[in-house]
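See structure below.
Since we're looking at a predicted model, the values are computed, not measured. Position 1 is the first residue of the sequence; numbering continues from there.
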Amino acid sequence: QVQLVESGGGLVQAGGSLRLSCAASGRTFSSYAMGWFRQAPGKERELVAAITWRGRRTYYADSVKGRFTISRDNAKNTVYLQMNSLKAEDTAVYYCAASLDFGVGSKYDYWGPGTQVTVSS
């Protein structure tokens, strides 16, 4: 079992940056691919970025390519989402999640409670 807790959200002006962290508990963190999702009010949850078990492959939604970077440190049981050039449309609750598979259609088994990111224009 994996427990996840996000941190690093907040209020930032458009064009600014934030780095989200997701701390995982459990000895099997390195066995899971990790993803960052977001959900804005009135919209469906979407996968923003994902990373494989060892960090060798990544996925990004078209809307964040070139602006967001996902990374992980298995020694620290932590996955990160560096968000640059933030836009008002990036405003959402951001969740990290763990999956035994990697890919857009993967089933994510464990979820954090989420952290709010608000970008003011």
For a quick test of your reading: what N or O donor-acceptor pairs under 3.5 Å do the side chains of residues 8-21 make, sequence neighbours left out?
from: S17; atom 1: OG; to: N84; atom 2: OD1; distance (Å): 2.9

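Applying the side chain to side chain donor-acceptor pair (under 3.5 Å) rule to Q39 yields no partners; only residues at least two apart in sequence or on another chain are considered. Residues that satisfy the ring pair (Phe, Tyr, Trp, His ring centres under 6.0 Å) test with Y32, not counting sequence neighbours, are Y110. Under the rule for a salt bridge (Lys or Arg N to Asp or Glu O under 4.0 Å), K43 has no partner lying at least two apart in sequence or in another chain. The side chain to side chain contact (heavy atoms under 4.5 Å, CB included) check on R54 picks up R56, with sequence neighbours excluded. Taking R57 as the reference, nothing meets the side chain to side chain donor-acceptor pair (under 3.5 Å) condition, with sequence neighbours excluded. Judged as a salt bridge (Lys or Arg N to Asp or Glu O under 4.0 Å), and not counting sequence neighbours, the contacts of D109 are K107. Shown here are the side chain to side chain donor-acceptor pair (under 3.5 Å) partners of T118, two or more places apart in sequence or in another chain: Q116. Not a single salt bridge (Lys or Arg N to Asp or Glu O under 4.0 Å) links E89 to another residue, sequence neighbours left out.
One distance of note links OG of S99 with CG of L47; it measures 10.0 Å at 0.5 Å rounding. Between L81 atom CG and R38 atom CZ the span is 9.5 Å, to the nearest 0.5 Å. Between the OG1 atom in T52 and the CD1 atom in I70 there is a gap of 9.5 Å [rounded to 0.5 Å].
In this pair, F37 and W111 present their aromatic rings tilted. The plane angle is within the 30 to 60° band.
In terms of hydrophobic clustering, with Ile, Leu, Val, Met, Phe, Trp and Tyr side chains grouped at heavy-atom distances under 4.5 Å, L4 and L100 are assigned to a common cluster.
Residue pairs meeting the disulfide bond (SG atoms under 2.5 Å apart) criterion with at least one member in residues 15-96, sequence neighbours excluded, are C22-C96. Listed by first then second residue, pairs satisfying side-chain hydrogen bond (donor to acceptor under 3.5 Å, both in side chains) with a partner in residues 69-78 read R72-N74, not counting sequence neighbours. Contacts classified as ring-ring contact (aromatic ring centres under 6.0 Å, His included) and involving residues 41-96 (residues at least two apart or in different chains) are not found.
Taking both residues in full, the closest heavy atoms of S106 and Y108 are given as O-CD1, 3.5 Å, listed atom of the first, atom of the second, then distance. Between S85 and R67 the shortest heavy-atom distance is O-NH1, 3.0 Å. Across all non-hydrogen atoms, the minimal contact from V119 to T91 is N-OG1, 2.9 Å.
Within a 6.0 Å radius of CD in Q3, other residues, nucleotides and ligands contribute 12 heavy atoms or fewer.
Using a 4.0 Å cut-off between charged nitrogen and carboxylate oxygen, K65 and D62 count as a salt-bridge pair.
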